[in-house]
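Throughout, residue positions are numbered sequentially from 1 according to the sequence presented.
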Amino acid sequence: MAPSIAPLIPPVAPVVPPAPPAAAAQPPPPPPAAAGKTMELDPSQMTELSERCARLDQMDYFEILMVERSAAPADIKKAFYRESRTYHPDRFFHLDNKELKDQVHDLYKRVTEAYYVLRDDAKRRQYTANISGPERAQKLRFTESSEAETRAASKRQVEEQIGVHPKGRQFYQTGAADADAGRWASAERNLKMALTYEPANTRYKEKLAEVQKVLLEESRKQGDAFKIR
């Protein structure tokens with residue numbers, strides 16, 4: 001008998017999964033951030049910063065922002081942004097000198113405080129008056145008492161405009177309402193009464209002059225109407 005021969009079976013290549021498309025490949029992770037890369041100050045900058053912080057309690061808000069007392073609001077704002085960027089505490093977190101870091105923090109707070117006061121017209125007027133007097137050293141910070149002084153000054157300013165005497169204010173307001181409504185004769189009477197209580201009030205005088213001018217013009221018009229043509 002002829003020996004049996006096993007059928008030939010072609011070898012099968014191992015199954016290899018297809019490679020993912022290039023678009024699906026993930027980018028490599030970013031390299032770790034280098035440690036210790038922080039802003040360093042050279043000796044001259046460190047000296048300047050230390051000296052400025054040491055003088056903080058002797059500087060007024062204008063000096064802190066490094067602007068003139070006559071600076072425009074836009075200049076105040078520009079100086080604030082410049083100084084707040086320069087002395088933001090986050091820029092100095094790496095300093096080993098804790099005392100200097102605390103001083104930088106105080107300087108940044110004072111820069112913000114200066115802008116808060118100088119951007120407000122009423123507070124700025126009050127603060128400028130305070131640091132221009134003999135008590136400058138005690139008035140360098142705008143405190144709660146300074147706030148109260150500002151409110152009192154604003155109240156006085158309003159009273160000076162509309163009057164300090166209750167009766168005077170009442171007659172003035174009535175006279176002004178008469179003028180707005182075109183009741184010129186009544187307006188004149190009430191404004192004259194207001195001036196009996198406050199004869200030196202400039203606002204009352206100006207309003208009365210305005211009313212009397214209208215009355216004079218009306219009188220002239222009536223006179224022209226009765227002229228023989």
Side-chain angles (χ1 to χ4, degrees), residues 39 41-166 168-169 172 197-206:
M39 186 191 72
L41 300 178
D42 60 41
S44 63
Q45 290 174 319
M46 186 67 75
T47 300
E48 179 183 357
L49 176 60
S50 180
E51 290 178 351
R52 190 169 186 192
C53 290
R55 293 175 43 243
L56 191 60
D57 290 334
Q58 286 78 48
M59 293 191 295
D60 60 45
Y61 293 152
F62 295 99
E63 293 171 335
I64 288 173
L65 293 182
M66 293 193 291
V67 295
E68 298 292 334
R69 293 190 185 184
S70 58
D75 295 330
I76 297 290
K77 185 175 182 179
K78 182 178 179 180
F80 164 69
Y81 283 126
R82 181 195 66 231
E83 295 302 299
S84 62
R85 284 195 302 266
T86 302
Y87 294 106
H88 195 287
D90 289 350
R91 299 192 66 194
F92 302 92
F93 73 94
H94 64 286
L95 295 180
D96 295 329
N97 189 331
K98 183 180 183 303
E99 181 181 358
L100 183 57
K101 287 175 68 173
D102 291 342
Q103 288 177 329
V104 169
H105 186 265
D106 290 341
L107 176 57
Y108 178 74
K109 285 176 58 179
R110 198 70 63 89
V111 165
T112 305
E113 183 180 310
Y115 179 61
Y116 167 76
V117 172
L118 299 185
R119 71 177 181 176
D120 185 287
D121 290 341
K123 291 184 176 69
R124 179 174 176 175
R125 282 194 300 270
Q126 184 65 47
Y127 180 76
T128 303
N130 289 344
I131 63 173
S132 300
E135 298 182 354
R136 169 187 163 84
Q138 290 77 38
K139 298 288 187 176
L140 292 175
R141 303 291 299 276
F142 196 84
T143 60
E144 291 183 3
S145 61
S146 303
E147 190 83 42
E149 290 176 5
T150 302
R151 289 195 296 268
S154 299
K155 182 180 179 181
R156 286 194 302 270
Q157 186 177 15
V158 171
E159 288 178 345
E160 289 172 359
Q161 290 178 348
I162 65 172
V164 295
H165 195 286
R169 290 200 301 269
Y172 171 77
Y197 292 96
E198 295 187 45
N201 191 301
T202 304
R203 190 183 184 92
Y204 293 3
K205 291 178 181 179
E206 291 176 351

Colleague: Are any non-hydrogen side-chain atoms of R69 and I131 less than 4.5 angstrom apart?
Modeller: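 Yes - at least one pair of side-chain heavy atoms lies under 4.5 Å apart.
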
Colleague: Can D121 and R125 be said to form a salt bridge (Lys or Arg N to Asp or Glu O under 4.0 Å), step by step?
Modeller: CA-CA 6 Å; D121 290 341; R125 282 194 300 270; 5.3 Å; no

Colleague: Not counting sequence neighbours, which residues clear side chain to side chain contact (heavy atoms under 4.5 Å, CB included) with D75? List them please.
Modeller: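 Residues passing side chain to side chain contact (heavy atoms under 4.5 Å, CB included) with D75: A71, A72.
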
Colleague: Calculate, to the nearest 0.5 Å, the distance between atoms CG and CD1 belonging to L140 and I64 respectively.
Modeller: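 If we round to the nearest 0.5 Å, L140:CG and I64:CD1 are 8.0 Å apart.
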
Colleague: Run the ring pair (Phe, Tyr, Trp, His ring centres under 6.0 Å) test against Y61 and tell me which residues pass, sequence neighbours left out.
Modeller: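 In terms of ring pair (Phe, Tyr, Trp, His ring centres under 6.0 Å), with neighbours along the sequence ignored, Y61 is linked to Y127.
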
Colleague: For the residue pair P199 and K205, what are the closest heavy atoms and their distance?
Modeller: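 The pair with the smallest heavy-atom distance is O-CE, 2.9 Å.
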
Colleague: Can you tell me how far apart CG (L56) and NZ (K109) are? Round to the nearest 0.5 Å.
Modeller: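 Rounded to the nearest 0.5 Å, the CG-NZ separation comes to 10.5 Å.
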
Colleague: List for me each residue that meets salt bridge (charged side-chain N to carboxylate O under 4.0 Å, His left out) alongside R110, sequence neighbours excluded, and say none if there are none.
Modeller: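 Once residues adjacent in sequence are excluded, the partners of R110 under the salt bridge (charged side-chain N to carboxylate O under 4.0 Å, His left out) criterion are D57.
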
Colleague: For the residue pair V104 and C53, what are the closest heavy atoms and their distance?
Modeller: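 Minimum heavy-atom contact is N-SG, 4.0 Å.
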
Colleague: Does atom CZ (R55) have a neighbourhood of more than 12 heavy atoms from anything else shown, all under 6.0 Å?
Modeller: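 Not more than 12 within 6.0 Å, no.
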
Colleague: Could you tell me which residues satisfy ring pair (Phe, Tyr, Trp, His ring centres under 6.0 Å) with F62, sequence neighbours excluded, listed by chain and number?
Modeller: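 If we apply the ring pair (Phe, Tyr, Trp, His ring centres under 6.0 Å) test to F62, skipping adjacent residues, there are no hits.
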
Colleague: Less than 4.5 Å apart, any side-chain heavy atom of Y172 and any of R203?
Modeller: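 Touching, per the 4.5 Å side-chain cut-off.
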
Colleague: When rounded to the nearest 0.5 angstrom, what distance separates CZ in R91 from OG1 in T86?
Modeller: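 So the CZ of R91 and the OG1 of T86 are separated by 6.0 Å.
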
Colleague: In Å, rounded to the nearest 0.5 Å, how long is the span from CD of E68 to CD1 of I76?
Modeller: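 If I round to the nearest 0.5 Å, the distance is 10.0 Å.
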
Colleague: Of all the heavy-atom pairs spanning A79 and L65, show the shortest one and how long it is.
Modeller: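 A79 and L65 have their closest heavy atoms at CB-O, 3.4 Å.
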
Colleague: Measure the CD-CG distance between E113 and D106 for me, rounded to the nearest 0.5 Å.
Modeller: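 Answer rounded to 0.5 Å: 10.5 Å.
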
Colleague: Once ring pair (Phe, Tyr, Trp, His ring centres under 6.0 Å) is applied, do any residues pair with H165, and if so which ones, sequence neighbours excluded?
Modeller: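 Once residues adjacent in sequence are excluded, the partners of H165 under the ring pair (Phe, Tyr, Trp, His ring centres under 6.0 Å) criterion are Y197.
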
Colleague: For K78 and V67: C-alpha separation, side-chain torsions, deciding distance, then whether side-chain contact (heavy atoms from CB on, under 4.5 Å) applies.
Modeller: CA-CA 10 Å; K78 182 178 179 180; V67 295; over 6 Å; no

Colleague: Roughly how far, to the nearest 0.5 Å, is NZ of K98 from CD of Q103?
Modeller: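 Answer rounded to 0.5 Å: 11.0 Å.
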
Colleague: What residues form a side chain to side chain contact (heavy atoms under 4.5 Å, CB included) with T112, not counting sequence neighbours?
Modeller: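 Result, side chain to side chain contact (heavy atoms under 4.5 Å, CB included) vs T112: F80, Y108.
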
Colleague: Using every non-hydrogen atom in the two residues, find where R124 and S70 come nearest and quote the distance to one decimal.
Modeller: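 Taking R124 first and S70 second, the nearest heavy atoms are NH2-C, 3.7 Å.
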
Colleague: Could you check whether any side-chain heavy atom of Q58 comes within less than 4.5 Å of a side-chain heavy atom of E63, counting everything from C-beta outward?
Modeller: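 The answer is no; the side chains never approach within 4.5 Å.
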
Colleague: Measure the shortest side-chain to side-chain distance between Y204 and R169 over non-hydrogen atoms and say whether it is less than 4.5 angstrom.
Modeller: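 In contact.
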
Colleague: Working note: R52 + Y87, criterion side-chain contact (heavy atoms from CB on, under 4.5 Å); need CA distance, chi angles, decisive distance, verdict.
Modeller: CA-CA 11 Å; R52 190 169 186 192; Y87 294 106; 2.9 Å; yes

Colleague: Any chance NZ of K101 has more than 12 other-residue heavy atoms, nucleotides or ligands included, within less than 6.0 Å?
Modeller: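 Atom NZ in K101 is packed in, count exceeds 12.
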
